[in-house]
Colleague: 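One structure, as structure tokens, below. Some questions next.
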Amino acid sequence: MGRVDNDSFLSVLTRYFTRSKSSGTVYITMKRYTGQTKPKPRKSKDEAEGGAGDQKMCLVRATLNKKKISTIINSKDVNRFQMAYANLLKAHMDGLKKPERTKTKKDKKS
């Protein structure tokens with residue numbers, strides 16, 4: 001499917017979560033995105049400090065089986081996207097199993 005806008009990404013991610021209940025696993029990755037597609041040569045120590053003015057972006061990818069989607073989040077949209085993303089995760093994390101605990105009796109020391 002490729003790169004989509006933020007709202008479409010969340011709606012498709014919802015569909016991925018519902019499909020994964022029957023079979024499959026949804027993999028989600030987040031990383032910083034600088035906008036470059038080709039690697040650049042390393043800068044010297046003097047030039048490395050000058051890149052602070054760039055706009056910060058985040059690349060989010062989701063994969064279900066062989067279907068992949070991704071979106072780029074600008075720094076001004078991070079709060080809105082993060083709230084919607086957190087609500088989506090809370091709504092679809094109901095199938096997790098609780099860990100089994102072994103009951104042990106601890107002796108009380110008096």
Side-chain angles (χ1 to χ4, degrees):
M1 188 173 207
R3 192 167 292 154
V4 295
D5 63 313
N6 297 344
D7 295 327
S8 300
F9 179 83
L10 292 172
S11 63
V12 172
L13 189 60
T14 304
R15 280 188 256 142
Y16 279 10
F17 278 129
T18 55
R19 288 182 190 160
S20 70
K21 295 226 184 230
S22 60
S23 66
T25 304
V26 177
Y27 295 98
I28 300 172
T29 59
M30 298 177 91
K31 67 183 244 181
R32 185 175 175 183
Y33 182 69
T34 58
Q36 69 185 37
T37 56
K38 296 181 181 178
K40 292 184 179 179
R42 291 187 180 185
K43 297 180 182 178
S44 66
K45 293 181 181 179
D46 298 332
E47 296 174 357
E49 297 174 5
D54 296 338
Q55 182 180 6
K56 309 263 193 274
M57 294 183 281
C58 181
L59 176 67
V60 181
R61 295 181 183 137
T63 306
L64 174 66
N65 299 332
K66 294 194 177 202
K67 298 177 183 177
K68 300 177 183 179
I69 58 170
S70 63
T71 187
I72 296 175
I73 306 160
N74 291 324
S75 59
K76 61 182 179 179
D77 298 331
V78 168
N79 290 333
R80 185 185 61 80
F81 181 83
Q82 192 68 28
M83 293 298 291
Y85 178 66
N87 289 335
L88 179 67
L89 288 180
K90 287 177 189 174
H92 291 91
M93 291 289 178
D94 56 357
L96 299 176
K97 296 179 182 177
K98 292 186 179 180
E100 295 179 15
R101 296 186 184 194
T102 58
K103 295 183 179 181
T104 60
K105 294 184 179 181
K106 296 184 178 179
D107 296 326
K108 292 183 179 179
K109 295 182 180 179
S110 32

Colleague: Taking all non-hydrogen atoms of both residues into account, name the closest pair between Leu64 and Val26 and its distance.
Modeller: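 Smallest interatomic distance, heavy atoms only, reads CD1-CG2, 4.1 Å.
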Colleague: Show your working on side-chain contact (heavy atoms from CB on, under 4.5 Å) between Lys67 and Arg19 and close with a plain yes or no.
Modeller: CA-CA 12 Å; Lys67 298 177 183 177; Arg19 288 182 190 160; 3.2 Å; yes
Colleague: Mind listing the closest non-hydrogen atom pair of Leu13 and Ala62 along with its distance?
Modeller: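 Heavy-atom minimum between the residues: CD1-CB, 3.7 Å.
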Colleague: Heavy atoms only: give me the nearest Leu10-Tyr85 pair and the separation to one decimal.
Modeller: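 That closest heavy-atom pairing would be CD2-CA, 4.2 Å.
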Colleague: How far apart are the closest heavy atoms of Arg61 and Leu59, and which atoms are they?
Modeller: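 So the minimum-distance heavy-atom pair works out to NH2-CD2, 3.3 Å.
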Colleague: Could you see if Val78 belongs to whatever hydrophobic cluster contains Val60? Use Ile, Leu, Val, Met, Phe, Trp, Tyr and a side-chain cutoff under 4.5 Å.
Modeller: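 Per the 4.5 Å side-chain linkage, Val78 and Val60 are co-clustered.
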Colleague: Could you give the distance from CG (Asn65) to OG (Ser23), rounded to the nearest 0.5 Å?
Modeller: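 OG of Ser23 is found 6.0 Å from CG of Asn65.
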Colleague: Any chain of hydrophobic side-chain contacts (each under 4.5 Å) joining Val12 to Val4?
Modeller: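 Linked within one cluster.
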Colleague: Working to the nearest 0.5 angstrom, can you tell me the gap between Arg80 CZ and Asp7 CG?
Modeller: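 Taking CZ in Arg80 and CG in Asp7, the distance rounds to 5.0 Å.
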Colleague: Following the transitive rule for hydrophobic clusters with a side-chain heavy-atom cut-off under 4.5 Å over Ile, Leu, Val, Met, Phe, Trp and Tyr, establish whether Met30 and Met83 coincide in one cluster.
Modeller: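 In one cluster: no.
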Colleague: Does atom CG (Asn79) have a neighbourhood of more than 12 heavy atoms from anything else shown, all under 6.0 Å?
Modeller: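 Incorrect, the count does not exceed 12.
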Colleague: Working to the nearest 0.5 Å, report the span between CG of Asn74 and CG of Asn6.
Modeller: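 CG of Asn6 is found 7.5 Å from CG of Asn74.
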Colleague: Please report the closest heavy-atom contact between Tyr33 and Arg3, naming both atoms and the distance.
Modeller: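 Smallest interatomic distance, heavy atoms only, reads OH-NH1, 4.0 Å.
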Colleague: Do Tyr16 and Ile28 sit in the same hydrophobic cluster, where Ile, Leu, Val, Met, Phe, Trp and Tyr count as joined when their side-chain heavy atoms come under 4.5 Å apart?
Modeller: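 Result: yes, single cluster for both.
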Colleague: As an exercise, state the distance from OG1 of Thr71 to CE of Met57, rounded to the nearest 0.5 Å.
Modeller: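 So the OG1 of Thr71 and the CE of Met57 are separated by 11.5 Å.
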Colleague: Are Leu88 and Phe9 connected into the same hydrophobic cluster when the rule is that any two of I, L, V, M, F, W, Y join if their side-chain heavy atoms are below 4.5 Å apart?
Modeller: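 Both belong to a single hydrophobic cluster.
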Colleague: Got a sec, which residues hit ring pair (Phe, Tyr, Trp, His ring centres under 6.0 Å) with Phe17, two or more places apart in sequence or on another chain?
Modeller: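 Only His92 meet the ring pair (Phe, Tyr, Trp, His ring centres under 6.0 Å) criterion with Phe17.
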